[in-house]
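Structure first, commentary second.
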There are 2 protein chains.
Amino acid sequence: MARDSQDTRRRILEAATAEFAERGIAGARVDRIAASAGCNKSLLYTYFGNKDRLFETVFDSLVAEMVTAIPIDTTDLAGYAGRLFDRYCTHPEVVRLALWDRLERDGQGMRVAGIVAAETAKAEALARAQGDGSVSALLSPADLLAAITLVTSLWPLMQPHDESPSPARLAEMRTAVTAIVSRLTGPGPAH
Amino acid sequence: MARDSQDTRRRILEAATAEFAERGIAGARVDRIAASAGCNKSLLYTYFGNKDRLFETVFDSLVAEMVTAIPIDTTDLAGYAGRLFDRYCTHPEVVRLALWDRLERDGQGMRVAGIVAAETAKAEALARAQGDGSVSALLSPADLLAAITLVTSLWPLMQPHDESPSPARLAEMRTAVTAIVSRLTGPGPAH
DNA sequence: CGTAAGTAACTAACCGGTTAGGAAGTATAA
DNA sequence: TTATACTTCCTAACCGGTTAGTTACTTACG
């Protein structure tokens, strides 16, 4: 077996991501992560300090990437929502990690400077779009962003059977999500 | 100390609710529940079997009550959403328990017959309201119900600082939630 | 007394974290 | 080239505290 500390770190992070996403911090087992990464448990401590710091590392790298992966498009927010939904569907670990973070660490992970800055920038873009009238001002920019995030990331959570929906069902869900965002951002009702 | 097994059961359930809501199943400590209930740990086993069955009992009684507490009013869905929001705000343990259930038990607790039946009934009421045109058919009945539940229960989760929002902030959030539901259920955009 | 309610003490397994040291590679110097 | 010293990467074994669950026993009440 080749000795490569960088690769070992990567394997540990990969194993930790899966374990934490499935079981959370309290439910995760350090021995299981080490076994799954194919290395000794103590390496996990030399490289990442302890269980909590390992979770932090996993969380920061994954969620930071997610939050910047898809640029906001204020000229087509329904399309933006659809792309967000797609990404959350193909990366369900990220959603689960964010939920664990909220429940077990009071959302500490979401209060990192990078994430806050990215969200602020998106809210400002929404504010500009509302200013020129291309997006409904029904909600404040922050609330509209919250609504889009809520619906796109947690919609699958509301469905009765969570596990591996069929492509057809997935398309249905996507349609519902984009319809919701379209209605929230489009012009108001006729009267 | 008076000997009252019914009251002891109640105290255990109360303590278990708080402990499970805060820490989840894996994070909850049986000793802490017993101490908080002011009784011996073994009583918890004689009355409820084991840790998991205790969670089930807590979950079933709490969520079943929540799901039937507020009758749906298809003539004023925004008002209905507001009342749901109020109740979720005054009973945050229920929301947290439902999230723990989703993450740690794959949503097993939500698949109880009573809950499923109540949700089906609500969806049917929505279908009727859509049939007579009083509610927008933008979303399917099930999706509309999911959207209302999602927004009313998890909206506070999307806010930056979770802990004890001021009454003013709470009112703002309530306004946003009812505005969303109103827009989703009201007539479509002007053209 | 007899039974239901309650307790203290215990156990076996688990789990996060540590430690002492070994194996493999690299630089140095004779 | 080769012996030596040193560094990096890694491991097996261990440790102390914790935790779910049990058991033998005591207490209060009808």
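Per chain, numbering begins at 1; letters A, B, ... match sequence-line order. Note that the coordinates shown come from a computational prediction; the quantities given were computed from them, not determined experimentally. Reckoned from all heavy atoms, side chains included, excluding hydrogens, waters and symmetry mates.
- Checked against D:dC10, D:dT11, C:dT7, the side chain of A:Ser42 finds its nearest nucleotide in D:dT11.
- Residues from residues 52-62 of chain A with heavy atoms under 4.0 angstrom of DNA chain C: there are none.
- Considering only side-chain atoms of B:Leu43, the nucleotide from C:dC15, C:dT7, C:dG17 that sits closest is C:dT7.
- Minimum atom distance to the side chain of B:Cys39 is reached by C:dT7, of the listed C:dT7, D:dC9, D:dA28.
- If you check D:dT11, D:dA20, C:dG16 against the side chain of A:Asp31, the one that comes closest is C:dG16.
- Side-chain contact, A:Thr152 with A:Arg83: no donor N or O sits under 3.5 Å from an acceptor N or O.
- Relative to the side chain of B:Lys41, the nucleotides D:dG21, D:dC10, C:dA4 differ in distance, and D:dG21 lies closest.
- Of all nucleotides listed (C:dA8, C:dA5, D:dG21), D:dG21 comes nearest to the side chain of B:Asn50.
- No contact: A:Ala26 has no heavy atom under 4.0 Å from any strand.
- The residues B:Glu56 and B:Arg53 are annotated as not salt-bridged, no charged nitrogen and carboxylate oxygen being separated by less than 4.0 angstrom.
- Residue A:Ala34 is out of contact with every strand shown, counting any heavy-atom pair closer than 4.0 Å.
- Taking side-chain N and O atoms only, B:Thr8 has a distance below 4.0 Å to OP1 or OP2 of C:dG6.
- Taking only side-chain atoms of A:Ser5, from C-beta outward, the nucleotide of C:dA5, D:dC9, C:dG16 with the closest atom is D:dC9.
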